[in-house]
Amino acid sequence: MNNRPIGIFDSGVGGTSVWREINKMMPLENTIYLADSINAPYGEKSQNEILQLSIKNTELLIAKKCKLIVVACNTATTNAIAYLRQHYDIQFIGIEPAIKPAALYSKSRKVGVLATKGTLASSLFHSTSENHAAGIEIFEQEGKGLVTLIEQGDARANFTKQILLKYLKPMLEQGIDYLVLGCTHYPYLIPVLEEILPKHVVIIDSGKAVAKQTKAILNRYNLINTKNASKNHQFFTNSNVEILKSFLVPEQQQSQIKYLSF
Ligand code: DGL
């Protein structure tokens, strides 16, 4: 049982930022990662479409005998995890924008959130903001187009930087001191964000917190893999294998990265 893989899915390559934290924290675990890149971006879809795609990914990971599923996508978590938890007999770990720590540590009491339209529109996002950021001004910005650019391998392109400058200018003018990355694709924008943001603005994402929570749940259900001689990481994409590989340097040496129609 404990040797079974952790299943992870995202609308595309972004969830590899979460996979990396999981692998760092639990190097003995086997994993299966699904990049549903053919259907990216999820953030532009209706809640029902996001739900149907999340069901499809979940059923594939269950068929592949995963012991737990990490929904490594804020958009899928905020729109579908409640349904998934109700309908499938497996533990799910979700990811949500890290509003809570940002609200806790912000000195200016002003926090920016960059996320997809689907996440910003969800009721889960709003209840989290209300519950954990009372007295904090939240400046929301939809990252329109960013997921597509990252999926194309253009995270560091100059035009991506120009779009980010335009998106972040209003919240910077308002005096934010924390920027919450509410999409698992966005950590790949950090090199460009560091060029744009003033030094005192802290960038925060939820990857490490998800890895910690995954470990806690595996422990609670006695599912931790304690001895693994032959690590096995399988990555599947229903789009461009080379792009997915480019997000997995240097881990690709020890992984199988394949095309799969799903
Ligand atoms: N990585 C997904 C997230 O965390 C991107 C969503 C999308 O495909 O728009 O929200």
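Order of appearance sets the numbers: ligands from 1, and atoms from 1 within every ligand. Computed from a prediction, not measured in an experiment: that's the story for all the values here.
Checking each of Leu60, Asn57, Thr237 against Asp36 for a side-chain contact (heavy atoms from CB on, under 4.5 Å) leaves exactly one that passes, namely Asn57.
Atom 6 (C) of ligand 1 has its closest protein heavy atom at Thr75 OG1, 3.3 Å. Scanning all protein heavy atoms for the shortest distance to atom 7 (C) of ligand 1 gives Tyr42 N, 3.1 Å.
Those atoms of ligand 1 that come under 4.0 Å of a heavy atom in Thr116, given as number and element, are 6 (C), 9 (O), 10 (O). In summary, the atoms of ligand 1 found under 4.0 Å from a heavy atom of Pro41, numbered by their order in the structure, are 7 (C), 8 (O), 9 (O).
Between the side chain of Glu151 and the main chain of Val13, a donor-acceptor pair closer than 3.5 Å is present. A donor-acceptor contact shorter than 3.5 Å links the side chain of Thr160 to the backbone of Asp154.
Figure legend: Lys67 and Tyr221 shown without cation-pi pairing, the cationic atom not lying both under 6.0 angstrom from the six-membered ring centre and within 45 degrees of its axis.
If you look at Val147 next to ligand 1, the close heavy atoms, those under 4.0 Å, all belong to the side chain. Contacts with ligand 1 closer than 4.0 Å are made by heavy atoms of both the backbone and the side chain of Cys183.
Between Gly14 and ligand 1 there is no heavy-atom distance shorter than 4.0 Å.
On a distance-only criterion, Glu44 and ligand 1 share no N/O pair closer than 3.5 Å. Some N or O of Gly43 is nearer than 3.5 Å to an N or O of ligand 1, by distance alone. At a 3.5 angstrom cut-off on N or O pairs, Thr119 does not count as close to ligand 1. Checking only distances, Asp10 does come within under 3.5 Å of ligand 1, N or O to N or O.
At a cut-off of 3.5 Å, with distance as the only test, a side-chain donor of Ser106 or Asp177 sits close to an acceptor on the other residue.
With respect to Glu44 and Lys144, a salt bridge is recorded, a charged nitrogen being found less than 4.0 Å from a carboxylate O.
Between Phe247 and Tyr188, the ring planes lie perpendicular to each other; the angle is over 60°, past the 30° to 60° tilted range.
Two residues are said to be in side-chain contact when any heavy atoms from C-beta on lie closer than 4.5 Å; His233 and Glu251 fail this criterion.
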